[in-house]
Amino acid sequence: MSLFYYLETFLAKLVLCLVTRWEVRGKENVSTDGPLVIASNHLSIADPPVLAASIQRRVVFMAKVESFRHPVQGPLVRGFGAFPVRRGQVDREALRWAQRTLKSGLALGMFPEGARSLTAKLQEGRPGTALVALRGGAPILPVAVTGTERVRGIGFIFARVPITVNIGQPFVLPPVDGKLTREQLAKATKVIMGRIAELLPAGYRDEHGDQEGR
């Protein structure tokens, strides 16, 4: 799996350098080892390879289960070393997989919105990322991606689309004693989404970027 991951990441870097205007900001904020939850906004199916190319360490992604069944995406997702999650429900197996990833000292890539934004604006977050980070006690690295919403069809190759990956400073959610409540998860999720919003240009933030909890 590692061989395929690094091959796909190399190809992603090559494509980004050749046909886009790719910029990565905040590389110094990425820790070189130890458990880490990478929380990013989600604009395109190109986001995972773009993040993998931009963050200088191995990233294990959580991906929707439908991607694994797709005839084209399936082999790429598996080769990338991602693991499946069933959206719209509490997927306990995916949560266990996420915890094992963090316990192994790896970086876990997650998209708190749970789905791609159809407007390119930041959507309301779902509690899964906060749950994984709190249970695993891992720091969160907020990341904002812009421009990948324009990566569609073959035309983007000739457009030199500007793609920016803005990496923020890692932070740790305050620990919670006892059983996590919905209210605590909702508050923690607002904190995560606020940190991502801070890294986005105004046109990508939507109303969520001004909410309390950053």
Side-chain angles (χ1 to χ4, degrees), residues 1-68 70 72-85 94 97-98 100-102 104-117 128-129 132-133 136 138-152 156-157 161-170 192 195-196 199-200:
M1 288 297 180
S2 295
L3 177 62
F4 282 107
Y5 176 88
Y6 291 113
L7 176 60
E8 290 184 32
T9 301
F10 170 77
L11 292 174
K13 289 180 180 180
L14 185 62
V15 171
L16 286 166
C17 290
L18 291 177
V19 303
T20 75
R21 286 175 283 158
W22 174 41
E23 181 183 5
V24 183
R25 303 170 184 166
K27 291 181 181 179
E28 68 279 3
N29 293 325
V30 183
S31 59
T32 56
D33 54 19
L36 185 67
V37 175
I38 298 169
S40 173
N41 63 316
H42 197 10
L43 304 174
S44 164
I45 60 172
D47 291 336
V50 168
L51 287 174
S54 303
I55 294 175
Q56 299 303 307
R57 61 178 293 184
R58 171 76 184 273
V59 183
V60 179
F61 287 95
M62 180 182 288
K64 63 181 181 179
V65 69
E66 292 84 359
S67 298
F68 290 80
H70 193 277
V72 177
Q73 291 183 33
L76 295 175
V77 170
R78 290 188 187 91
F80 216 56
F83 63 91
V85 59
W97 205 318
R100 288 196 297 268
T101 298
L102 295 176
S104 298
L106 299 174
L108 174 66
M110 300 185 70
F111 299 101
E113 295 163 281
R116 285 174 280 163
S117 173
T129 302
V132 168
I140 299 170
L141 185 74
V143 180
V145 179
T146 58
T148 54
E149 75 278 7
R150 295 174 59 188
V151 177
R152 56 169 69 96
F156 88 93
I157 292 177
V161 172
I163 292 176
T164 301
V165 178
N166 197 8
I167 304 170
Q169 294 186 348
I192 295 170
R195 292 296 185 102
I196 296 173
L199 302 170
L200 285 167

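Nearest approach of A144 to L199, heavy atoms of both residues: CB-CB, 3.5 Å. The minimum heavy-atom distance between G168 and N29, with the atom names listed, is O-CB, 3.1 Å. Considering every non-hydrogen atom in both A107 and T101, the closest pair reads O-CG2, 4.3 Å. The nearest pair of heavy atoms linking G147 to V161 is O-CG1, 3.4 Å. The two residues A12 and A53 make their nearest non-hydrogen contact at CB-CB, 4.3 Å.
Within a 6.0 Å sphere centred on CD of E23, other residues, nucleotides and ligands contribute more than 12 heavy atoms.
Taking CZ of R100 as the reference point, atom CG of L106 lies at 12.0 Å (rounded to 0.5 Å). The distance from atom CZ of F10 to atom OH of Y5, rounded to the nearest 0.5 Å, is 15.0 Å. Distance check: I192 CD1 to S40 OG gives 12.5 Å after rounding to the nearest 0.5 Å. If you take CZ on R58 and CG on L108, they are separated by 12.0 Å, rounding to the nearest 0.5 Å.
In terms of modelled atom types and a separation under 3.5 Å, the side chain of E149 and the main chain of L43 share no donor-acceptor contact. Side-chain atoms of S44 come within 3.5 Å of backbone N or O of A46 as a donor-acceptor pair. Between the side chain of S67 and the backbone N or O of A63 there is no donor-acceptor pair closer than 3.5 Å.
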* To do: Evaluate the side chain to side chain contact (heavy atoms under 4.5 Å, CB included) criterion for residues V59 and L51: first the C-alpha distance (whole Å), next the side-chain angles of each, then the deciding distance (0.1 Å), finally the verdict.
  => CA-CA 8 Å; V59 183; L51 287 174; over 6 Å; no
* Steps toward side chain to side chain contact (heavy atoms under 4.5 Å, CB included) verdict (F111, N41) -> CA-CA 6 Å; F111 299 101; N41 63 316; over 6 Å; no
* Asked: Given the rule in the side chain to side chain contact (heavy atoms under 4.5 Å, CB included) test, do I163 and R21 qualify, once you have shown the distances and angles that lead to the verdict?
  -> CA-CA 6 Å; I163 292 176; R21 286 175 283 158; over 6 Å; no
* Take N166 and V143 through the test side chain to side chain contact (heavy atoms under 4.5 Å, CB included) and record every step on the way to the result. => CA-CA 6 Å; N166 197 8; V143 180; over 6 Å; no
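I196 is listed as a side-chain neighbour of P112, based on a closest heavy-atom distance under 4.5 Å. In this structure, R195 and I140 have side chains that are not in contact, with every pair of non-hydrogen atoms separated by 4.5 Å or more. In this structure the side chain of L11 never reaches within 4.5 angstrom of the side chain of V15, judged on heavy atoms. Here the side chains of V30 and Q56 are not in contact, with every heavy-atom distance at 4.5 Å or above. In this structure, V132 and M110 have side chains that are in contact, with non-hydrogen atoms separated by less than 4.5 Å. Looking at L36 and R57, their side chains come closer than 4.5 Å, going by heavy atoms from C-beta outward. Using a 4.5 Å heavy-atom threshold, the side chains of V37 and L141 count as separate. Here the side chains of P162 and R150 are in contact, with some heavy-atom distance below 4.5 Å.
Between the side chains of S54 and W22, at least one donor N or O lies within less than 3.5 Å of an accepting N or O.
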